[in-house]
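Here the structure comes first, spelled out in structure tokens, and everything after it is commentary.
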Amino acid sequence: MPGSPRPAPSWALLLRLLAFLRPPGLGEACSCAPAHPQQHICHSALVIRAKISSEKVVPASADPADTEKMLRYEIKQIKMFKGFEKVKDVQYIYTPFDSSLCGVKLEANSQKQYLLTGQVLSDGKVFIHLCNYIEPWEDLSLVQRESLNHHYHLNCGCQITTCYTVPCIISAPNECLWTDWLLERKLYGYQAQHYVCMKHVDGTCSWYRGHLPLRKEFLDIIQP
């Protein structure tokens with residue numbers, strides 16, 4: 001039913017989904033659909049800034065027949081940007097131990113801080129994988145850091161479409177074309193770092209530079 005809250009997934013369901021997404025014939029591969037940082041923030045149940053205190057390999061479930069392992073990170077939460085209604089303070093985060101299931105490797109016992117996005121499972125545990133947006137805090141731009149509090153959340157009604165080759169086509173007025181791959185041959189380029197897809201009062205969306213006076217910078221590429 002549209003607008004109904006989605007039930008939180010379980011360990012078993014997430015592991016099955018990640019195994020299903022693994023490309024056939026690539027036993028050690030992890031494949032993720034590209035997503036702009038704004039999309040990651042909008043679609044994640046939890047967004048936090050944290051340091052990693054320690055790591056430990058743990059069973060994926062209490063079932064003795066289950067041979068799957070998870071990597072449990074103990075973290076120090078610095079700030080929560082999203083997820084207040086699901087969990088108040090995060091002490092541990094979990095990720096698949098198997099790299100082919102998109103397990104995340106983070107630096108423990110260091111001063112490095114991370115922006116972490118992920119899901120909150122039905123048992124309250126926080127689950128992350130490589131298809132989430134996980135970046136060292138120092139690598140985020142000023143616009144990205146500022147947008148975590150306001151711009152990203154306020155503009156989740158906008159749709160962001162990745163443009164790989166021209167012509168790129170917009171199918172709805174609330175879409176923004178993400179052109180980093182086309183222009184720079186990388187996903188998290190200048191547009192991802194410095195622009196937000198913002199919604200206007202008439203329901204249309206377009207790219208704007210986050211902390212500067214609003215002015216349009218990226219023209220939608222419709223024709224080659």
Side-chain angles (χ1 to χ4, degrees), residues 11 14-15 18 28-32 34-60 68-121 123-154 180 184-196 209-212:
W11 284 122
L14 277 171
L15 288 173
L18 289 172
E28 295 300 321
C30 170
S31 180
C32 306
H36 186 277
Q38 180 173 331
Q39 292 172 291
H40 279 293
I41 302 306
C42 288
H43 296 158
S44 296
L46 185 87
V47 181
I48 60 174
R49 177 184 178 184
K51 291 171 61 175
I52 312 301
S53 301
S54 64
E55 63 180 63
K56 182 179 181 180
V57 179
V58 298
E68 293 285 351
K69 300 292 184 182
M70 305 296 293
L71 192 59
R72 185 186 74 186
Y73 290 109
E74 183 178 7
I75 72 166
K76 178 182 179 182
Q77 179 178 304
I78 298 171
K79 184 171 183 178
M80 180 177 288
F81 300 98
K82 186 178 180 182
F84 305 96
E85 73 284 358
K86 296 181 180 295
V87 59
K88 300 303 179 186
D89 184 64
V90 181
Q91 183 178 4
Y92 298 105
I93 56 176
Y94 296 80
T95 191
F97 179 73
D98 189 344
S99 61
S100 66
L101 295 180
C102 302
V104 179
K105 185 63 178 176
L106 303 174
E107 289 186 25
N109 298 312
S110 74
Q111 295 302 308
K112 180 176 284 190
Q113 300 179 18
Y114 291 93
L115 174 70
L116 303 171
T117 71
Q119 294 79 39
V120 179
L121 305 181
D123 59 3
K125 291 185 173 69
V126 175
F127 181 86
I128 65 172
H129 53 76
L130 285 176
C131 295
N132 296 127
Y133 189 59
I134 298 169
E135 291 287 324
W137 184 258
E138 63 184 12
D139 291 349
L140 299 179
S141 69
L142 177 60
V143 170
Q144 288 175 311
R145 296 181 189 187
E146 291 179 344
S147 297
L148 290 170
N149 284 316
H150 302 292
H151 291 319
Y152 287 155
H153 300 286
L154 295 176
D180 278 343
E184 302 181 46
R185 285 296 182 260
K186 62 180 180 181
L187 286 178
Y188 299 134
Y190 194 83
Q191 195 176 12
Q193 294 171 347
H194 300 287
Y195 288 81
V196 177
R209 185 104 184 222
H211 67 289
L212 296 179

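This one's a predicted model, so the numbers in the text were calculated from it and none came from an experiment.
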Self-check item: Which atom of I75 lies closest to which atom of V90, heavy atoms considered
Solution: CG1-O, 3.5 Å
Quiz item: So, the side chain of K112 versus the backbone of E138: is there a donor-acceptor pair under 3.5 Å, distance only?
Solution: no
Quiz item: Considering only the SG atoms, does C102 lie under 2.5 Å from C30?
Solution: yes
Quiz item: With distance as the sole test, does H153 use its side chain to make a donor-acceptor pair with the main-chain N or O of L148 at under 3.5 Å?
Solution: yes
Quiz item: Do side-chain atoms of N132 reach the backbone of I134 as a donor and acceptor pair under 3.5 angstrom?
Solution: no
Exercise. Spell out, as yes or no, whether a donor-acceptor pair under 3.5 Å connects the side chain of T95 to the backbone of L71.
Key: no
Quiz item: Short question: side chain of D180, backbone of Q191 - any donor-acceptor pair under 3.5 Å?
Solution: yes
Practice problem: Report the residues that fulfil side chain to side chain contact (heavy atoms under 4.5 Å, CB included) with K56, sequence neighbours left out, ordered by chain and then residue number. | Solution: V58, R72
Quiz item: With distance as the sole test, does R49 use its side chain to make a donor-acceptor pair with the main-chain N or O of F81 at under 3.5 Å?
Solution: no
Quiz prompt | Donor-acceptor pair, side chain of E184 and main chain of Y190, under 3.5 angstrom | solution = yes
Quiz item: Ignoring hydrogens and geometry, is there a side-chain-to-backbone donor-acceptor pair from Q77 to D89 under 3.5 Å?
Solution: no
Self-check item: Where L116 and A50 come nearest, the two heavy atoms and their spacing
Solution: CD1-CB, 4.1 Å
Practice problem: Please name the residue in the list Q113, E107, Q111 that meets the side chain to side chain donor-acceptor pair (under 3.5 Å) test with K51. | Solution: Q111
Self-check item: No-hydrogen, no-angle side-chain donor-acceptor test under 3.5 Å, Y188 and Q144
Solution: no
Quiz item: Taking all non-hydrogen atoms of both residues, which atom of R209 and which atom of Y195 are closest, and how far apart?
Solution: N-CD2, 3.6 Å
Quiz item: Among all residues two or more places apart in sequence or in another chain, which pass the side-chain hydrogen bond (donor to acceptor under 3.5 Å, both in side chains) test with S54?
Solution: E74
Self-check item: Non-neighbouring partners of S44 that pass side chain to side chain contact (heavy atoms under 4.5 Å, CB included), sequence neighbours left out
Solution: V47, T117
Quiz item: Got a donor-acceptor contact below 3.5 angstrom from the N149 side chain to the E146 backbone?
Solution: no
